[in-house]
Amino acid sequence: MIKKAAIAVICSVFLGTAAEAGELTFEALGKARTLFGYVHPQAHHARQQARYHLPTRFSLNLLAQYDINDSYQVGGYLNIFYGLDQELKDYNHGSWGEEAYLVLDAPFGRVVGGQSFNAAHQLGVGAPDAGVLGVNQSDLVNFVANPNWQRNRRGTAYRTLNSTDINTDGTAPKITYYFSPDFGNFMFGFSFVPDSYSRDGLLNRHAPYRNNAGYIASVYHNQELGNVSLSASLGVARFEDIDDELSAGVSLYYKGWTLGGSVRRTFVSHKQAELNRRIPHWQEGFDAYRDAWAANVGLGYEIGPIKTVLSCFYSKAVGQEYEDRIIQLSGRYQLDRNLELQAAVAHGKFSGDGAAESNQGYAFVTGIGFKF
């Protein structure tokens, strides 16, 4: 409670500063996306799953900002999300969610307080993404269900990592500090999470460690090497009595081509891992992600309104049968500033304890996205 109170005090100071500074400027942005897909299951992996799906997502972004002077700016942000026909109810309220946070930009850096992703997640670099299914936390699972990723009425179980970005804490309330030193093209970020549980993270709400704190640090670097732009990131995290995590990524851009990839590793003591896997009435391996690793790699090309990406994602729990493989070719065409067409073909192979806990299949997806 003391840690949460500290966040509330800092946020109220930011808000008070904005209120006293003068008139605020407001902006509202919205997005909507609908995907239609056909699923072709393979042999005994059908799992009695529907062949056609129509997942739809809506988002509304509200912001208020004030330039106090040339050096200071304060802002408040509220992002609201809602999803239909989602296999995973992984917003921070299930089918819907919000991010609400305050930002102070000053000569000493940027301070963010509230519901937001941690520094390593925000600064992470990895495989390019055309924005259709996504490489990390892939929406392929809305078409080909992954038995290793579960967040619905049956409970929460992540037997493998679903992202190479550090996302164990999701958008749990936190304080994050970013700064860029005068030397090089570096940016550093640090996050403190007093309570790591959030429904858009990986933690099960019944886990005994769900309310423990987290500490995350990250560094991002960008460098121009002739005609090549190099970006790289490194993240580390310690979630108390949960796990320790490392992530790293690199991306190269050259004349419309982008080649990138990233890896993530989580560590937990053997004793802790076995203890939590064997608690009665909980699903076997519900927190196997705590001792696991994941990787992605992709090659993308963008010219004018067209972007296409070929990417792969792989994750596995150490010493367990739980394993995920996703390969996809996706693309989008920007018709105008407010409308884009999307398409993807993807294959997912998700292995669990035997055929009954596995799934495999292809998804053929088209979609349309709006901005307003």
Validation row: [X], [Y] side chains within 4.5 angstrom (heavy atoms):
X	Y	result
Phe267	Leu246	yes
Trp149	Thr160	yes
Tyr333	Gln342	no
Leu203	Thr156	no
Ile368	Leu339	yes
Asp244	Phe239	no
Phe143	Leu35	yes
Thr171	Ser116	no

Are any side-chain N or O atoms of [X] and backbone N or O atoms of [Y], one a donor and one an acceptor, separated by less than 3.5 Å?
X	Y	answer
Asp139	Asn142	no
Asp195	Ala213	no
Ser229	Glu224	no
Asn296	Ser262	yes
Ser358	Gly352	yes
Arg199	Arg151	no
Thr56	Thr34	no
Thr308	Tyr301	no
Asn152	Leu88	no
Asp169	Ala172	no

[Y] reachable from [X] in the ILVMFWY side-chain graph, under 4.5 Å edges:
X	Y	value
Phe313	Phe350	yes
Phe364	Leu54	yes
Val39	Ile326	yes
Leu133	Val297	no
Tyr253	Leu310	no

Determine whether Arg238 and Glu240 satisfy the following criterion, salt bridge (charged side-chain N to carboxylate O under 4.0 Å, His left out), listing intermediate values before the conclusion. CA-CA 6 Å; Arg238 179 171 181 80; Glu240 293 181 353; over 6 Å; no
By the definition side chain to side chain donor-acceptor pair (under 3.5 Å), identify the one residue from Gln65, Glu27, Glu99 that meets it with Tyr77.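 Of the listed residues Gln65, Glu27, Glu99, the side chain to side chain donor-acceptor pair (under 3.5 Å) partner of Tyr77 is Gln65.
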Pick one: which of Asp324, Asn146, Asn167 meets side chain to side chain donor-acceptor pair (under 3.5 Å) with Asn162?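 Option passing the side chain to side chain donor-acceptor pair (under 3.5 Å) with Asn162: Asn167.
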Can you tell me if [atom1] on [X] sees more than 12 non-hydrogen neighbours from other groups inside 6.0 Å?
X	atom1	answer
Lys89	NZ	yes
Glu321	CD	no
Asp70	CG	no
Tyr38	OH	yes

Contact summary for [X] and [Y], nearest pair of heavy atoms:
X	Y	result
Ala363	Leu140	CB-CD1, 3.7 Å
Arg337	Lys371	O-CD, 3.9 Å
Gly235	Ala120	CA-CB, 4.1 Å
Ser315	Ala294	CB-CB, 3.8 Å

How long is the span from the [atom1] atom in [X] to the [atom2] atom in [Y], to the nearest 0.5 Å?
X	Y	atom1	atom2	value
Ser59	Ile80	OG	CD1	10.0 Å
Glu245	Leu161	CD	CG	7.0 Å
Asn212	Tyr197	CG	OH	14.5 Å
Arg159	Lys316	CZ	NZ	14.0 Å
His53	Gln86	NE2	CD	11.5 Å
Asn136	Thr164	CG	OG1	3.5 Å

Step by step, work out the salt bridge (charged side-chain N to carboxylate O under 4.0 Å, His left out) result for Arg265 and Asp243. CA-CA 10 Å; Arg265 181 71 164 91; Asp243 64 11; over 6 Å; no
Determine, stepwise, if the pair Trp96 / Tyr91 fulfils ring-ring contact (aromatic ring centres under 6.0 Å, His included). CA-CA 5 Å; Trp96 69 278; Tyr91 293 117; 9.1 Å; no
Between the side chains of [X] and [Y], does any donor sit under 3.5 Å from an acceptor?
X	Y	answer
Gln328	His347	no
Trp293	Thr266	no
Asn92	Ser198	no
Tyr209	Asp287	yes
Tyr220	Gln122	no

Run the side-chain contact (heavy atoms from CB on, under 4.5 Å) check on Asn118 and Lys174 step by step: do they pass? CA-CA 8 Å; Asn118 64 58; Lys174 58 180 64 69; 3.9 Å; yes
Do Arg264 and Tyr289 meet the cation-pi criteria used here (NZ or CZ under 6.0 Å from the six-membered ring centre, within 45° of the axis)?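 Geometry flag: not set, cation outside 6.0 Å or 45°.
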Kindly list each side-chain donor-acceptor pair under 3.5 angstrom involving residues 181-194, sequence neighbours excluded, with atom names and distances?
residue, atom, partner, partner atom, Å
Asn185, ND2, Asn222, O, 3.1
Ser191, OG, Ala119, N, 2.9
Ser191, OG, Thr176, OG1, 2.7

Please walk me through it: do Val111 and Val103 pass side-chain contact (heavy atoms from CB on, under 4.5 Å)? CA-CA 6 Å; Val111 181; Val103 177; over 6 Å; no
Could you please spell out the steps behind the side-chain contact (heavy atoms from CB on, under 4.5 Å) verdict for Val112 and Ile175? CA-CA 6 Å; Val112 181; Ile175 291 290; over 6 Å; no
Could you work out, with ring-ring contact (aromatic ring centres under 6.0 Å, His included) as the rule, every residue matching Phe58, not counting sequence neighbours?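 Testing Phe58 for ring-ring contact (aromatic ring centres under 6.0 Å, His included), a comparison that skips the adjacent residues, returns none.
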Going through the checks in order, is the side-chain contact (heavy atoms from CB on, under 4.5 Å) test met by Leu123 and Tyr178? CA-CA 10 Å; Leu123 299 181; Tyr178 301 97; 4.1 Å; yes
